[in-house]
Asker: 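One structure is given below, represented as structure tokens, and several questions about it will come after.
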Amino acid sequence: MTDNESVFAAARDWAGARMALATVVSTWGSAPRPRGSHMLVHADGRFEGSVSGGCVEGDVLAVAAEVIAGAPAVLRAYGVADAAAWEVGLPCGGQIDVLIQPVSDAGFPPALFDAVEAARREGQAIEIATNLDTGRSGGAGTFVNRYEPPRRLLIVGAVQIAQALAALAHTLGVKTIVIDPRARFLTPERFPGVALDDRWPDEAVAALRPDPVTAVVTLSHDPKIDDPGLIAALASPAGYVAALGSRRSHAARLERLAAAGVAPADLARIEGPAGLDLGAIGPSEIALSVAASMVRAFHARA
């Protein structure tokens, strides 16, 4: 799954302007950005997104300027074997093919940005085909880019680790909602810029309808809060379900959930204790271990 959130945001902000869209359509070796990654270029030179992490962006910008001025779509190959590898190639040793097309009916129609956004708002994936010979998207084509719904993280328990985890998730482009019925814990001051939900976790999680690109992590250490959230998460296709606590407390948790009627196969979906074993100490490091495990689960699914 690619992170094109900033590109979609820029497309909304720049609607009506002349633009070009660069897309990684194939990769080989240690390519720095995955297939499907976008870079959107405005006629005034501004750009958002990345196709190589910085290796070839300068050349892409030059080609994009020509495309915006009226040149047809261009398919460019960049690799370490290029004569100018250290100037516009990939010194990391990989190779990428990048399509640079106008944002127009002759390339990537602006309406397709709206279609992707609409599907993602509904929690649906959408696929857009592109003809690499003509550089046109939206019909039949050999390159198909799949846009998944936005990744989400539902945190149950507005504790200190949740503060650090919400901040990390933001940098990862994961939309975060913190759930806690305790008003003194769930405040905008403690979670600035984060969506807050003060319903009981079972109600909140069920209403938020976790999908395969949603993670649910319980952190409160209070079974009255964590257990209902876990039960609701396990009734959904959530892609990552984890609970904070020691191995002993997790064993007790599994006994409680089994007594509540949760099936063994669903109990096995819970990562407990939550997070990769990094020897983490303190809220920030524990949050890092949980974020890393969440990302691993998302990539394993993809």
Asker: Checking Ser293 side chain against Val290 main chain: does a donor-acceptor pair fall under 3.5 Å?
Answerer: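 Not at all, since once roles are kept as given, no pair shorter than 3.5 Å links the two residues.
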
Asker: Could you note down all residue pairs passing side chain to side chain donor-acceptor pair (under 3.5 Å) where residues 222-238 supplies at least one of them, sequence neighbours left out?
Answerer: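 Residue pairs passing side chain to side chain donor-acceptor pair (under 3.5 Å), neighbours aside: Ser220-Asp226, Asp222-Lys224, Asp227-Arg256.
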
Asker: Any donor-acceptor pair under 3.5 Å linking the side chain of Arg120 with the backbone of Glu148?
Answerer: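 Checking the backbone N and O of Glu148 against the side chain of Arg120, a donor-acceptor pair under 3.5 Å is found.
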
Asker: Check for a donor-acceptor pair, side chain of Thr176 on one end and backbone N or O of Val174 on the other, with a separation under 3.5 Å.
Answerer: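 A pair under 3.5 Å: yes.
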
Asker: Which residue pairs pass the ring-ring contact (aromatic ring centres under 6.0 Å, His included) test with at least one member in residues 210-237, sequence neighbours excluded?
Answerer: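 Counting only pairs at least two positions apart or across chains, no ring-ring contact (aromatic ring centres under 6.0 Å, His included) contact touches residues 210-237.
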
Asker: Can you list the other members of the hydrophobic cluster that holds Val262, where links are side-chain heavy atoms under 4.5 angstrom apart?
Answerer: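 Listed partners: Leu230, Ile231, Leu234, Val241, Leu254, Leu257, Leu267, Ile270.
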
Asker: Under the 4.5 Å side-chain heavy-atom rule for ILVMFWY, direct or indirect, which residues accompany Phe185?
Answerer: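 Besides Phe185, the hydrophobic cluster comprises nothing; the residue is isolated.
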
Asker: Once side chain to side chain donor-acceptor pair (under 3.5 Å) is applied, do any residues pair with Glu57, and if so which ones, sequence neighbours excluded?
Answerer: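 Glu57 satisfies side chain to side chain donor-acceptor pair (under 3.5 Å) with Ser50, Ser52 once adjacent residues are dropped.
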
Asker: What verdict does the side-chain contact (heavy atoms from CB on, under 4.5 Å) test give for Leu21 and Ile100, after you've listed the backbone C-alpha separation in whole Å, the side-chain angles of each residue and the deciding distance to 0.1 Å?
Answerer: CA-CA 6 Å; Leu21 183 69; Ile100 302 133; over 6 Å; no

Asker: Taking only Lys NZ, Arg NE, NH1 and NH2, and the carboxylate oxygens of Asp or Glu, determine whether Arg76 and Asp97 approach each other closer than 4.0 Å.
Answerer: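 Between Asp97 and Arg76 there is no salt bridge, as every charged N stays at least 4.0 Å from the carboxylate O atoms.
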
Asker: Show the nearest heavy-atom pair for residues Asp211 and Pro149, with the distance to one decimal.
Answerer: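 Looking at all heavy atoms of both residues, the shortest contact is OD2-CB, 4.2 Å.
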
Asker: So, for Glu285 and Gly279, which heavy atoms are closest and what is the spacing to 0.1 Å?
Answerer: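 Minimum heavy-atom separation between Glu285 and Gly279: OE1-O, 4.3 Å.
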
Asker: Just do the side-chain contact (heavy atoms from CB on, under 4.5 Å) check on Val25 and Val98 with the steps written out, would you?
Answerer: CA-CA 6 Å; Val25 297; Val98 178; over 6 Å; no

Asker: Could you note down all residue pairs passing salt bridge (charged side-chain N to carboxylate O under 4.0 Å, His left out) where residues 121-144 supplies at least one of them, sequence neighbours left out?
Answerer: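 Residue pairs passing salt bridge (charged side-chain N to carboxylate O under 4.0 Å, His left out), neighbours aside: Glu127-Arg146.
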
Asker: Just grab all the ring-ring contact (aromatic ring centres under 6.0 Å, His included) pairs involving residues 105-144, residues at least two apart or on different chains.
Answerer: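 Only Phe108-Phe113 qualify under ring-ring contact (aromatic ring centres under 6.0 Å, His included).
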
Asker: Can you list every salt bridge (charged side-chain N to carboxylate O under 4.0 Å, His left out) pair that touches residues 100-119, not counting sequence neighbours?
Answerer: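 Matches after skipping sequence neighbours: Arg12-Glu117.
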
Asker: Please check if Val178 and Val156 belong to a single hydrophobic cluster, counting links between Ile, Leu, Val, Met, Phe, Trp and Tyr side chain heavy atoms closer than 4.5 Å.
Answerer: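 Shared cluster, no.
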
Asker: Could I get the full list of side chain to side chain donor-acceptor pair (under 3.5 Å) partners for Arg184, not counting sequence neighbours?
Answerer: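 Arg184 satisfies side chain to side chain donor-acceptor pair (under 3.5 Å) with no residue once adjacent residues are dropped.
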
Asker: With sequence neighbours excluded, give me every side chain to side chain donor-acceptor pair (under 3.5 Å) pair touching residues 155-173.
Answerer: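 Sorted result for residues 155-173: Gln163-Arg190.
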
Asker: Just grab all the salt bridge (charged side-chain N to carboxylate O under 4.0 Å, His left out) pairs involving residues 261-283, residues at least two apart or on different chains.
Answerer: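 Qualifying pairs, neighbours excluded: Asp266-Arg269, Glu271-Arg296.
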
Asker: Quick test of your reading: applying ring-ring contact (aromatic ring centres under 6.0 Å, His included), list the pairs with at least one residue in residues 4-23, sequence neighbours left out, ordered by first then second residue.
Answerer: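 For residues 4-23, and leaving out neighbouring residues, the ring-ring contact (aromatic ring centres under 6.0 Å, His included) pairs sorted by first residue read Phe8-Tyr147, Trp14-His42.
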
Asker: Under a 3.5 Å threshold, yes or no: a donor from one side chain and an acceptor from the other, between Arg253 and His250?
Answerer: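 Per modelled atom types, Arg253 and His250 side chains form a pair under 3.5 Å.
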
Asker: For Met39 and Leu61: C-alpha separation, side-chain torsions, deciding distance, then whether side-chain contact (heavy atoms from CB on, under 4.5 Å) applies.
Answerer: CA-CA 9 Å; Met39 175 177 164; Leu61 286 170; 3.5 Å; yes

